Number of protein chains: 2
Amino acid sequence: MDERQARTAFAALSQETRLRIVRLLVQAGPDGMAAGAIAEAVAASPSNVSFHLKDLEHAGLIAPRREARSIIYSADFTGLSDLIAFLMKDCCAGHPEICVPALADAQCRPSTAKKKARA
Amino acid sequence: MDERQARTAFAALSQETRLRIVRLLVQAGPDGMAAGAIAEAVAASPSNVSFHLKDLEHAGLIAPRREARSIIYSADFTGLSDLIAFLMKDCCAGHPEICVPALADAQCRPSTAKKKARA
DNA sequence: TCCTCATTTCAATGATTATTGAATTGTAGG
DNA sequence: CCTACAATTCAATAATCATTGAAATGAGGA
């Protein structure tokens with residue numbers, strides 16, 4: 001991911017409605033949600049949500065597909081993953097030990113990681 | 001890190017000059033750099049850089065300290081780490097396997113991780 | 001104290017971005 | 001073909017953000 005694309009993605013996530021949409025679609029998983037259902041869930045007008053969906057799509061964070069009369073959006077996990085990698089490279093470059101707390105915090109470790117004692 | 005703080009941080013990183021400043025300061029490490037040196041490095045006016053530094057500080061991504069006549073800024077690795085954790089929680093919640101590629105991409109693994117064959 | 005240097009603050013301007021409602025496109029069923 | 005429905009596009013307005021240069025603050029050294 002190049003810097004320009006990363007900035008576009010950061011800008012997309014900096015807006016309240018858009019961040020809510022992304023979190024919603026991550027929760028929804030690969031099935032995704034129709035534009036109308038998203039609008040209802042985030043309590044915004046269809047036209048406003050359409051505007052934000054386009055922005056998120058442009059940022060590579062979600063992807064649309066048509067299904068009958070609806071357009072279904074789902075999270076682009078590759079895009080999100082790339083963005084995390086970008087941030088990590090910046091943060092950790094030359095300072096690997098500093099970023100590690102983030103890994104512990106998010107329950108997001110590869111299954112090859114040692115099992116950690118957990119209450 | 002709450003959602004509001006995360007959005008502030010994303011907004012901060014979405015601006016070209018600010019992102020350059022963050023990357024610069026991560027490179028510089030804990031020693032940091034004086035405001036003037038930063039301005040020169042990113043080729044922007046002192047007053048403009050001051051504006052952006054304040055924004056980054058407000059976002060919790062950098063921290064200032066006075067040293068003689070200069071004000072030295074350095075990256076706030078905790079803030080960056082928290083932001084990565086926030087993003088990972090969203091991205092990985094319920095989908096841990098999807099985020100893992102990011103870990104491989106960034107050379108940012110805990111030293112406790114198994115050593116991986118690497119060309 | 002006075003002068004200088006580093007940085008910030010301020011006010012004004014220009015540029016992006018978000019929101020709204022009306023009009024449009026595109027899909028499906030009768 | 002006509003109607004209904006889902007979603008987008010468009011134009012206009014409001015709001016936020018970035019940039020600039022001039023003025024102010026604050027720390028040291030002569």
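In this text the structure is predicted, and so the values were computed from the model without any measurement. Chain A is the first sequence line, chain B the second, and so forth, proteins listed ahead of strands; every chain is numbered from 1.
- The distance from atom CZ of R66(B) to atom C1' of dA6(C) is 8 Å, rounded to the nearest whole Å.
- Contacts of A34(A) with the nucleic acid, taken as non-hydrogen atoms under 4.0 Å apart, involve only primed sugar atoms and P, OP1 or OP2.
- For S50(B), the side-chain atoms get nearest to dT8(C) when compared with the rest of dT19(C), dT8(C), dT8(D).
- Taking atom CG on D55(A) and atom C1' on dT16(C), their separation rounds to 12 Å, with Å as the unit.
- Applying the 6.0 Å contact sphere to CZ of R65(B) captures more than 12 heavy atoms from other residues, nucleotides or ligands.
- Between the P atom of dA7(D) and the CD atom of E67(A) lies a distance of 11 Å, rounded to the nearest Å.
- Proximity of Y73(B) to the phosphate of dA6(C): no side-chain N or O atom is located under 4.0 Å from OP1 or OP2.
- Look at E3(B) and R23(A) and you find a salt bridge, because one of the NZ, NE, NH1 or NH2 atoms lies within 4.0 Å of a carboxylate O, short of that distance.
- Looking at R20(B) and Q15(B), their side chains never come closer than 4.5 Å, going by heavy atoms from C-beta outward.
- Residue contacts for A39(A): at a heavy-atom cut-off of 4.0 Å it reaches no nucleic acid atom on any strand shown.
- Remark: Q15(B) is not in phosphate contact with dA15(C), judged by side-chain N or O atoms under 4.0 Å from OP1 or OP2.
- Between I21(B) atom CD1 and dA18(D) atom C1' the separation is 13 Å, expressed in whole Å.
- Here the nucleotide nearest the side chain of S47(A), chosen from dT19(C), dA18(D), dG21(C), is dG21(C).
- Distance from the side chain of K54(B) is smallest to dT9(C) among dA7(D), dT27(C), dT9(C).
- Using a 4.0 Å heavy-atom distance criterion, A11(B) is classed as making no nucleic acid contact.
- Put simply, CD1 on I71(A) is 15 Å from P on dT25(C), counting in whole angstrom units.
- Atoms CD1 (I38(A)) and C1' (dT8(D)) sit 14 Å apart, rounded to a whole Å.
- Listed candidates were dA18(C), dT9(C), dT8(D). Nearest to the side chain of R18(A) is dA18(C).
- Screening L24(A), I21(A), L53(A), V49(A) for a side-chain contact (heavy atoms from CB on, under 4.5 Å) with Y73(A), the sole residue that qualifies is L53(A).
- A chain of hydrophobic side-chain contacts below 4.5 Å, direct or via other Ile, Leu, Val, Met, Phe, Trp or Tyr residues, connects L13(B) to V42(B).
- Using a 4.0 Å cut-off, some side-chain N or O of N48(A) falls inside it from OP1 or OP2 of dT19(C).
- Residues T17(A) and L53(B) both approach DNA chain C. Their nearest nucleotides, taken by heavy-atom distance, put L53(B) toward the 5′ side.
- Residue I72(B) contributes atom CD1, which lies 15 Å from atom P of dA27(D) at whole-angstrom precision.
- The side chain of R69(A) sits closest to dA28(C) out of dA28(C), dT20(C), dA18(C).
- A close approach under 4.0 Å does not occur between any side-chain nitrogen or oxygen of H52(B) and OP1 or OP2 of dC17(D).
- A residue-by-residue look at S45(B) and F51(A) shows that F51(A) has its nearest nucleotide of DNA chain D further toward the 5' end.
- You'll find the side chain of I38(B) reaches within 4.5 Å of the side chain of L25(B), heavy atoms only.
- Rounded to an integer number of Å, the gap from CD1 of I62(A) to P of dA7(D) is 13 Å.
- Within the 4.0 Å cut-off from OP1 or OP2 of dT7(C), at least one side-chain nitrogen or oxygen of S70(B) is found.
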